[in-house]
Amino acid sequence: MQLPPDFALPPQIDAVAYRRTHVGKVMIISRAEGREPALSDFFHFESVGTHPTGLFVTGIFDDDRRGHMKASLVRNASEAEIAWWNSART
(Lines give C-alpha, C1' and ligand atoms only; values in the text may rest on other atoms or scores of the structure.)
Protein backbone atom coordinates (compact mmCIF):
# COMPACT_ATOMS: atom_id res chain seq x y z
CA MET A 1 0.00 0.00 0.00
CA GLN A 2 1.41 3.39 -0.95
CA LEU A 3 0.80 6.36 1.31
CA PRO A 4 -0.25 9.71 -0.14
CA PRO A 5 2.65 12.18 -0.62
CA ASP A 6 1.24 14.59 2.00
CA PHE A 7 0.98 11.85 4.64
CA ALA A 8 2.93 12.62 7.80
CA LEU A 9 3.50 10.37 10.76
CA PRO A 10 2.56 11.86 14.12
CA PRO A 11 5.57 13.21 16.01
CA GLN A 12 7.32 10.76 18.29
CA ILE A 13 6.81 11.41 21.99
CA ASP A 14 10.07 11.17 23.88
CA ALA A 15 9.69 9.82 27.43
CA VAL A 16 12.66 11.82 28.70
CA ALA A 17 11.25 15.08 27.33
CA TYR A 18 7.78 14.22 28.70
CA ARG A 19 9.26 13.62 32.15
CA ARG A 20 11.17 16.92 32.11
CA THR A 21 7.99 18.77 31.14
CA HIS A 22 5.79 17.19 33.81
CA VAL A 23 8.08 16.47 36.78
CA GLY A 24 6.63 17.88 40.00
CA LYS A 25 3.26 18.68 38.40
CA VAL A 26 -0.22 17.92 39.59
CA MET A 27 -2.01 16.15 36.77
CA ILE A 28 -5.61 15.20 36.19
CA ILE A 29 -7.31 12.44 34.27
CA SER A 30 -9.01 13.89 31.20
CA ARG A 31 -12.70 13.09 31.60
CA ALA A 32 -15.75 13.81 29.49
CA GLU A 33 -16.48 17.49 28.88
CA GLY A 34 -18.80 18.96 31.50
CA ARG A 35 -18.14 16.24 34.10
CA GLU A 36 -17.42 17.54 37.58
CA PRO A 37 -13.92 16.71 38.84
CA ALA A 38 -13.40 14.15 41.60
CA LEU A 39 -10.56 13.97 44.11
CA SER A 40 -9.54 10.62 42.64
CA ASP A 41 -8.95 12.26 39.22
CA PHE A 42 -5.89 14.16 40.49
CA PHE A 43 -2.39 12.78 40.99
CA HIS A 44 1.21 13.85 41.41
CA PHE A 45 3.29 12.90 38.40
CA GLU A 46 6.04 10.45 39.33
CA SER A 47 7.51 8.91 36.18
CA VAL A 48 6.88 7.92 32.59
CA GLY A 49 7.69 4.82 30.62
CA THR A 50 7.38 3.59 27.09
CA HIS A 51 4.97 0.94 25.90
CA PRO A 52 4.26 -0.33 22.38
CA THR A 53 0.99 1.65 22.43
CA GLY A 54 2.56 4.91 23.63
CA LEU A 55 3.72 6.47 26.88
CA PHE A 56 2.43 5.44 30.29
CA VAL A 57 2.67 7.82 33.23
CA THR A 58 2.95 6.74 36.84
CA GLY A 59 1.57 8.90 39.57
CA ILE A 60 0.62 8.97 43.22
CA PHE A 61 -3.15 9.21 43.58
CA ASP A 62 -5.37 9.79 46.62
CA ASP A 63 -4.61 7.63 49.65
CA ASP A 64 -0.97 7.37 48.48
CA ARG A 65 -1.79 4.73 45.90
CA ARG A 66 0.34 4.45 42.78
CA GLY A 67 -1.40 4.18 39.42
CA HIS A 68 -0.54 4.05 35.74
CA MET A 69 -2.34 5.76 32.88
CA LYS A 70 -1.75 6.29 29.17
CA ALA A 71 -0.26 9.74 28.70
CA SER A 72 -2.97 10.58 26.17
CA LEU A 73 -5.58 10.24 28.94
CA VAL A 74 -4.06 12.78 31.35
CA ARG A 75 -3.07 16.44 31.32
CA ASN A 76 -1.61 19.07 33.61
CA ALA A 77 -4.20 20.38 36.04
CA SER A 78 -4.98 24.09 35.70
CA GLU A 79 -4.41 26.53 38.56
CA ALA A 80 -8.18 26.68 39.16
CA GLU A 81 -8.42 22.87 39.27
CA ILE A 82 -5.49 22.65 41.69
CA ALA A 83 -7.13 25.28 43.94
CA TRP A 84 -10.37 23.27 43.91
CA TRP A 85 -8.45 20.05 44.63
CA ASN A 86 -6.57 21.63 47.56
CA SER A 87 -9.75 23.03 49.11
CA ALA A 88 -11.68 19.77 48.61
CA ARG A 89 -8.97 17.75 50.38
CA THR A 90 -9.20 19.76 53.60
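Here the structure is a predicted model, which means the values were calculated and not measured.
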To the nearest 0.5 angstrom, please state how far the CZ atom of Phe45 sits from the CG atom of Asn76. 9.5 Å
Do the side chains of Glu81 and Phe42 get nearer than 4.5 Å, heavy atoms only? yes
After noting the C-alpha distance and the side-chain angles of His68 and Val57, does the key distance pass the side-chain contact (heavy atoms from CB on, under 4.5 Å) rule? CA-CA 6 Å; His68 310 283; Val57 296; over 6 Å; no
Does a sphere of radius 6.0 Å around CZ in Arg89 hold more than 12 heavy atoms from other residues, nucleotides or ligands, not counting ones at 6.0 Å or beyond? yes
Salt bridge or not for Arg19 and Glu46, using N-O below 4.0 Å? no
To the nearest 0.5 Å, how far apart are NZ in Lys70 and OG1 in Thr53? 4.5 Å
Leu39 and Ile60: same hydrophobic cluster, using ILVMFWY side-chain contacts below 4.5 Å? no
Answer yes or no: does atom CZ of Arg75 have more than 12 heavy-atom neighbours from other residues, nucleotides or ligands under 6.0 Å? yes
Quick one: list whatever passes side chain to side chain donor-acceptor pair (under 3.5 Å) with Ser72, sequence neighbours left out. none
Those residues at least two apart in sequence (or on a different chain) that pass side-chain contact (heavy atoms from CB on, under 4.5 Å) with Ala83 are none
Run Thr50 and Leu55 through side-chain contact (heavy atoms from CB on, under 4.5 Å) and show every step you take. CA-CA 5 Å; Thr50 58; Leu55 295 179; 3.7 Å; yes
Validation: residues 23-32 side-chain donor-acceptor distances under 3.5 Å, sequence neighbours left out:
residue : atom : partner : partner atom : Å
Arg31   : NE   : Asp41   : OD1          : 3.1
Arg31   : NH2  : Asp41   : OD1          : 3.0

Centroid-centroid distance, His51 to Phe56, less than 6.0 Å: yes
Using 0.5 Å steps for rounding, measure from the CZ atom of Phe43 to the CZ atom of Arg65. 10.5 Å
Less than 4.5 Å apart, any side-chain heavy atom of Trp84 and any of Pro37? yes
